Number of protein chains: 2
Amino acid sequence: MRKVRTVTITDVARHAGVAVSTVSYVLSGKRAISATTRQRVLDSVRILGYHPNAGARALASKRANVIALVLPLRAGMNLPVLMQFATSVVATARRYDHDVLLMTADEGPEGLKRVAASALVDGLLLMDVEVRDPRVPLLRELGEPSVLIGFPADAEGLTCVDLDFARAGALCAEYLASGGHREIALLGAPRVVYARGTGFAERTLAGFTAAAVGLKAVAVPCEETYDEVAETVKLLFDEHPGLTGLVVHNEAAVGHVLAALRALGRSVPEDVSVVAICPDDVAERASPALTSVLIPAEEVGHQAVRLLMAKLDGLPADSMLLEPRLTIRESTR
Amino acid sequence: MRKVRTVTITDVARHAGVAVSTVSYVLSGKRAISATTRQRVLDSVRILGYHPNAGARALASKRANVIALVLPLRAGMNLPVLMQFATSVVATARRYDHDVLLMTADEGPEGLKRVAASALVDGLLLMDVEVRDPRVPLLRELGEPSVLIGFPADAEGLTCVDLDFARAGALCAEYLASGGHREIALLGAPRVVYARGTGFAERTLAGFTAAAVGLKAVAVPCEETYDEVAETVKLLFDEHPGLTGLVVHNEAAVGHVLAALRALGRSVPEDVSVVAICPDDVAERASPALTSVLIPAEEVGHQAVRLLMAKLDGLPADSMLLEPRLTIRESTR
DNA sequence: GGCAGGGGTCGAAGCGCTTCGATTCATTAC
DNA sequence: GTAATGAATCGAAGCGCTTCGACCCCTGCC
């Protein structure tokens, strides 16, 4: 438990018999250093167990090597996806030699201003951006390098990354159509999500609707308690007895939907085919295993970090939509 | 987008007509400053929009005002609880004027060593600590202030916080017993969790078993796919036809358990009472709403930060177990 | 043989902050 | 009236690192 004196760059320089600046250049690679000197310095670093002091480095270089990950943490979020995303952000950031500061939106715009102004972080990653997100105007004003997950209404001049939800919705409809289904339905997010204008929900719906021309297609919002789901599903089949294809874009409800179908005596996939838009593990855990469109959280996180790093290096970084991928399992025919 | 020159403490000092050190003392409160001077400085801070440079502050004060939150992010974790926990940690840390660096265990012990040695963080918060956690020995050697969520086998000299799972298990058994149930069962975590020795699972089991003396009580592990859950439940009732009380300590499976009971034609709570150990929102979302023992993630996060802050101030910080709380809803009688 | 050029290294000047005396001035004690 | 006390403030020395310009010496070239 004794507090060991920390090893500084001066210690390394002394041990290797070189100047402090030489050690710095070896470590940063910003100037040519002879192979022998480099090796000597590297050995000393290893032997002494040297780790550069983050504060000093940040102060001198004006780069903290830290990015902020701003999670919304509001109700109705898709936790597993969020978590996958966060994991992938941390892992990718480390690959770029950066760490991740976790922020919640609770602190509000002030929080963003604070971390930016205090140079605690070099850039911002905002998750789960809404169509009219209050953070967006601030972001513009801040002029801090940033990448958004999700597309706000006006994405001009911003860098955004997201799954192409319109394509995902379309993919589901097309797949069901190709299977011969003539009457299909989309069970979407809870009402509150549409009301908030989260974007991804509307875009899925739009894609679904557009791709379903020529079919009978309906879409209904879907709450997340078992009872409400069961009610919604029952109503749906009451009003559309000919329904044979179901798209579920609500991870929390997908299990309930299957249970409700079971309770109604409709078997999957014999009576009705079900496609879910959700992570693979959820789809695989269901019974029957669900044909699903993957939300590529990991890929989104990876790309978001990559783009942010590009921006930090002063490179251009364009927004991008990631292609959804349909995996056929046992819930459709 | 133009990069505005950042406001430094020197700017504030000049604007307020005082020395740099005076500004520092106003902000830290470490020396007496007259009310008039303080006010003048505070006004300048506000007018200029000054935020201390984090790197410089860390360098000079040897305190980064950042703590690391180390999430395991392995399979079979309880995401919602984790998330609640993380949220509460961030919020509480902010109240102590600290930020939170997010780390995953992927980087391994090296990662802990790195952030500690580089003074990126002042202390560590390790989540989901296992009975024999490889991070624990390292932690001892590191001598970095830390708080663990969960209890390792040898907690000597460490500060740990957790829900009192033994008490939670006991509470469930006692409650069912008091309701007149004579034959009860515990559906626990997946096998892999017991195999890993995560501690909380065993402790719940131990508490349950100890409190169930005089009753017929069995405990079985429980996987998380619907099919396996249904199988497990069916088997359970085949072997124990007299079973009337069920404790479910597996958040991912709890919905499946209810569905399986429905499928078996056993109604809740008429035929069988169900108590879950899970967060309130999961319990409320089920049908019928579940009588449950709360995992007080928020409180755990709060206490963990509080203890860590105490340690950072050189104060003693004892391990603590938090009392579970039983909420009676509609799934028991 | 002298000089330009460049690879390799060094020294020193900060980066923006905290903190430790030192200093000033007004009180209080004797 | 003077010395001691204490409250309020200042000045300067770092904290550990990066980076700029200077320097040295070895090559290659005229």
Side-chain angles (χ1 to χ4, degrees), chain A residues 3-42 44-45 48-66 97 114-120 122, chain B residues 3-42 44-45 48-66 97 114-120 122:
Chain A
K3 198 69 190 176
V4 281
R5 203 182 78 78
T6 64
V7 180
T8 75
I9 197 172
T10 310
D11 300 327
V12 175
R14 189 176 316 121
H15 187 271
V18 298
V20 163
S21 53
T22 302
V23 176
S24 178
Y25 286 124
V26 166
L27 262 20
S28 72
K30 296 196 177 174
R31 279 198 186 175
I33 296 287
S34 69
T36 62
T37 305
R38 141 172 294 110
Q39 197 49 58
R40 206 141 35 85
V41 169
L42 259 19
S44 299
V45 165
L48 299 179
Y50 169 68
H51 289 269
N53 178 294
R57 191 204 276 266
L59 180 57
S61 69
K62 313 207 158 302
R63 288 279 243 118
N65 274 235
V66 176
D97 195 30
R114 182 177 61 82
V115 294
S118 66
L120 229 190
D122 303 321
Chain B
K3 198 70 191 175
V4 283
R5 202 183 77 78
T6 63
V7 180
T8 73
I9 197 173
T10 310
D11 301 327
V12 175
R14 189 175 318 118
H15 187 273
V18 298
V20 163
S21 52
T22 302
V23 176
S24 178
Y25 285 125
V26 166
L27 263 21
S28 71
K30 295 195 178 175
R31 279 200 187 174
I33 297 287
S34 69
T36 63
T37 304
R38 141 171 294 109
Q39 197 49 57
R40 204 140 37 85
V41 169
L42 257 19
S44 299
V45 165
L48 300 179
Y50 168 69
H51 288 272
N53 178 294
R57 191 206 276 269
L59 180 56
S61 69
K62 312 207 158 305
R63 288 278 243 118
N65 273 236
V66 176
D97 195 30
R114 182 177 61 82
V115 294
S118 66
L120 230 189
D122 303 321

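Computed from a prediction, not measured in an experiment: that's the story for all the values here. Sequence lines set the chain letters: A, B, ... in the order given, protein chains first and strands last, and positions in each chain run from 1.
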Rounded to the nearest angstrom, tell me the gap between atom CZ in A:Arg14 and atom P in C:dC10.
14 Å
Hey, which sits more toward the 5' end of DNA chain D by its nearest nucleotide, B:Ala35 or A:Gly55?
B:Ala35
Using distance alone, with no hydrogens and no angle criterion, decide if A:Ser21 and A:Ser24 have a side-chain donor and acceptor under 3.5 Å apart.
no
With DNA chain C as reference, determine whether B:Leu59 or B:Lys30 sits nearer its 5' end, using the nearest nucleotide of each.
B:Leu59
Rounded to whole Å, how long is the line connecting atom CD1 of A:Ile9 with atom P of C:dC15?
19 Å
Can you find an N or O donor on one side and an acceptor on the other, under 3.5 Å apart, linking the side chain of B:Ser21 with the base of D:dG11?
yes
Judged by atom type as modelled, is there a donor-acceptor pair below 3.5 Å linking the side chain of A:Arg31 to the main-chain atoms of A:Tyr25?
no
Hey, does the side chain of B:Thr37 come within less than 4.0 Å of D:dT9's phosphate (OP1/OP2), counting only N and O?
yes
CG-CG distance between B:Asn53 and B:Leu59, expressed to the nearest 0.5 angstrom:
9.5 Å
Students often get this wrong, so: under 4.0 angstrom with heavy atoms, is B:Ser61 touching a base, only sugar-phosphate, or nothing?
sugar-phosphate
If you compare every side-chain N and O of A:Ser24 against the phosphate oxygens of D:dT18 (OP1, OP2), does one of them come in below 4.0 Å?
yes
To the nearest 10 degrees, how far apart in direction are the end axes of the helix from C:dG1-D:dC30 to C:dC30-D:dG1, each fit to five base pairs?
50°
Within the structure provided, determine whether A:Val66 and A:Leu120 are in side-chain contact (heavy-atom separation under 4.5 Å).
no
Side-chain donor-acceptor pair under 3.5 Å between A:Ser118 and B:His51, yes or no?
no
Separation of atom NE2 in B:His51 from atom C1' in C:dG16, rounded to whole Å
16 Å
Could you give the distance from CG (A:Asp11) to OH (A:Tyr50), rounded to the nearest 0.5 Å?
9.0 Å
B:Ser28 near the nucleic acid: base, sugar-phosphate alone, or nothing, with a heavy-atom cut-off under 4.0 Å?
nothing
Return no unless some side-chain N or O of A:Thr22 is found under 4.0 Å from OP1 or OP2 of C:dC10.
yes
Does B:Arg63 use its side chain to pair, donor to acceptor, with the backbone of B:Ala58 at less than 3.5 Å?
no
Nearest whole angstrom, please: distance from the C1' of D:dC10 to the CZ of B:Arg40.
14 Å
Send over the distance from B:Lys62 NZ to C:dC20 C1', rounded to a whole Å.
15 Å
Counting distance alone, no hydrogens or angles: does the base of D:dC17 have a donor or acceptor under 3.5 Å from a partner atom on the side chain of A:Tyr25?
no
Grab the CG-C1' distance between A:Asn53 and C:dC15 for me, whole Å please.
13 Å
Can a donor-acceptor pair be found, under 3.5 Å and without considering hydrogens, that links the side chain of A:Asp122 to the backbone of A:Ala64?
yes
Residue whose nearest DNA chain C nucleotide is more 5′ - B:Arg57 or B:Arg31
B:Arg57
Contact class for B:Val20 (heavy atom, under 4.0 Å): base, sugar-phosphate, or nothing?
base
Separation of C:dC17 atom C1' from B:Leu27 atom CG, nearest Å, is 11 Å
